[in-house]
Amino acid sequence: MKITRIETFRVPPRWLFCRVETDEGIVGWGEPVVEGRADTVRTAVGELAEYLVGLDPRHIEDHWQVMTRGTFYRGGPVLSSAVAGIDQALWDIRGQALGVPVYDLIGGAVRDRARVYSWVGGDEPAEIADAVNAQVEAGFTAVKMNATGLTGRLGGAADIAAAHARVATAREVLGPGRDVAVDLHGRLGPAGARRLLAALEELHPLFAEEPVTPEHTRLLEPLVRSTTVPIATGERLYSRWDFLPALTAGIAVAQPDPSHAGGISELRRIAALAETFDVQLAPHCPLGPIALAASLQVAFATPNFLIQEQSIGIHYNDGAELLDYVVDPEVFRFTDGHVARPTGPGLGITVDENAVRRADAAPGAPWRSPLWRHSDGSFAEW
């Protein structure tokens with residue numbers, strides 16, 4: 001078997017898909033993207049394709065090593081994301097060729113269903129109450145929400161009080177039997193995050209995500225020691241080497257992204273490394289159907305899996321939804337806050353290629369991260 005062609009497709013709302021074709025007619029799909037930098041990643045995929053075309057797609061580990069370590073300059077979100085999407089597609093091909101799901105190739109299933117959570121938005125408690133109630137009625141047992149919007153690095157009294165009110169509203173609707181996770185997005189500095197975590201402790205969040213930005217991972221340990229709230233991080237860490245300092249700092253939940261952290265190959269290794277620290281895996285995935293399918297393949301083969309993020313209905317999905325690009329949306333049917341283990345070969349989904357090609361050909365500006373500024377005109381963390 002040989003790789004004959006690699007194509008990429010930029011599709012709404014902010015995703016990039018990768019199609020890897022073989023001479024035996026088997027096609028694998030991946031999702032290599034950095035949100036807001038899809039065209040940059042697209043170029044990187046094209047450069048990697050120069051190496052891959054003509055080679056056997058079944059040599060997944062060798063290809064991963066060459067793509068990540070075969071040149072002098074390594075790492076970073078663009079290269080890691082380009083590798084991730086190609087890696088997903090190669091595993092998809094391997095599974096299809098053998099007629100088995102990917103999870104059967106990485107140790108076999110350890111569970112029959114995986115817990116998932118849904119995003120809720122809103123800046124006011126009333127909006128939060130309505131949004132959380134809608135997810136409860138839809139059967140979800142966990143939601144995640146942003147802690148703050150635009151705020152100062154220290155977190156003023158008003159910002160802390162407002163964040164507490166929103167999370168308290170969510171907790172009131174959820175009750176003690178369901179969970180709320182809180183995403184700080186590194187918008188506060190360490191001192192501000194410490195203030196906020198102290199205020200949230202009584203509400204028992206499932207976890208607090210990214211209390212500091214990744215360049216400040218060295219500051220995680222004192223923050224972990226200062227709170228009883230489980231600390232999660234990892235969406236902007238791209239390898240097991242990136243994760244090691246966070247794990248030694250004492251995080252409770254690792255959140256590698258299947259489309260940023262080197263794909264299925266590296267995601268499963270990060271999960272195994274996390275297990276040696278008794279850390280749970282909650283893959284980051286506010287992306288499209290291929291990323292979610294890849295992430296779930298790892299989830300079903302990972303003993304220390306906790307919960308899966310998914311993007312259906314997320315506030316970023318403007319102009320298209322996750323289910324718009326799959327032939328059979330039943331694969332992603334959520335029942336009682338869980339998704340059933342897929343049984344199809346490869347990634348377990350069939351991509352609607354016609355829909356993908358139409359979306360890529362349609363005119364439209366690429367999605368860009370919003371630029372935030374404080375009232376004095378200075379740049380603000382997003």
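- For residues 52-68, every residue pair satisfying the salt bridge (Lys or Arg N to Asp or Glu O under 4.0 Å) rule, not counting sequence neighbours, is listed here: Asp56-Arg58, Glu61-Arg269.
- By the 4.5 Å heavy-atom criterion applied to side chains, Val116 and Phe332 are not counted as neighbours.
- In this structure, Leu371 belongs to a hydrophobic cluster whose other members, linked by side-chain heavy atoms under 4.5 Å apart, are Phe379.
- Between the side chains of Glu353 and Trp29, no donor-acceptor pair is found at a separation under 3.5 Å.
- The one candidate from Glu266, His284, Glu35 that meets the side chain to side chain donor-acceptor pair (under 3.5 Å) condition with His260 is Glu35.
- Taken from CZ in Arg171 to CG in Leu174, the straight-line distance is 6.0 Å, to the nearest 0.5 Å.
- No donor-acceptor contact under 3.5 angstrom links the side chains of Glu31 and Ser259, judged on distance only.
- Side-chain contact, Asp183 with His185: a donor N or O sits under 3.5 Å from an acceptor N or O.
- Crowding of Arg333 atom CZ: a count of heavy atoms from other residues, nucleotides or ligands under 6.0 Å not exceeding 12.
- With no hydrogens or angles considered, a side-chain donor-acceptor pair links Thr141 and Arg115 at under 3.5 Å.
- For the side-chain contact (heavy atoms from CB on, under 4.5 Å) test, residues two or more places apart in sequence or in another chain that qualify with Ile160 are Arg195, Leu196, Ala199.
- Pairs engaging residues 208-222 under the salt bridge (Lys or Arg N to Asp or Glu O under 4.0 Å) rule: Lys144-Glu209, Glu210-Arg236, Glu221-Arg225 [sequence neighbours left out].
- Side-chain contact annotation: Asp159 with Thr151, donor-acceptor N/O pair under 3.5 Å present.
- A side-chain N or O of Trp91 and one of Ser265 form a donor-acceptor pair less than 3.5 Å apart.
- Counting only residues at least two apart or on different chains, no salt bridge (Lys or Arg N to Asp or Glu O under 4.0 Å) pair has a member in residues 89-102.
- For Phe300, there are no ring-ring contact (aromatic ring centres under 6.0 Å, His included) partners at least two apart in sequence or on another chain.
- Counting non-hydrogen atoms of neighbouring residues, nucleotides and ligands closer than 6.0 angstrom, the CD atom of Glu201 exceeds 12 such neighbours.
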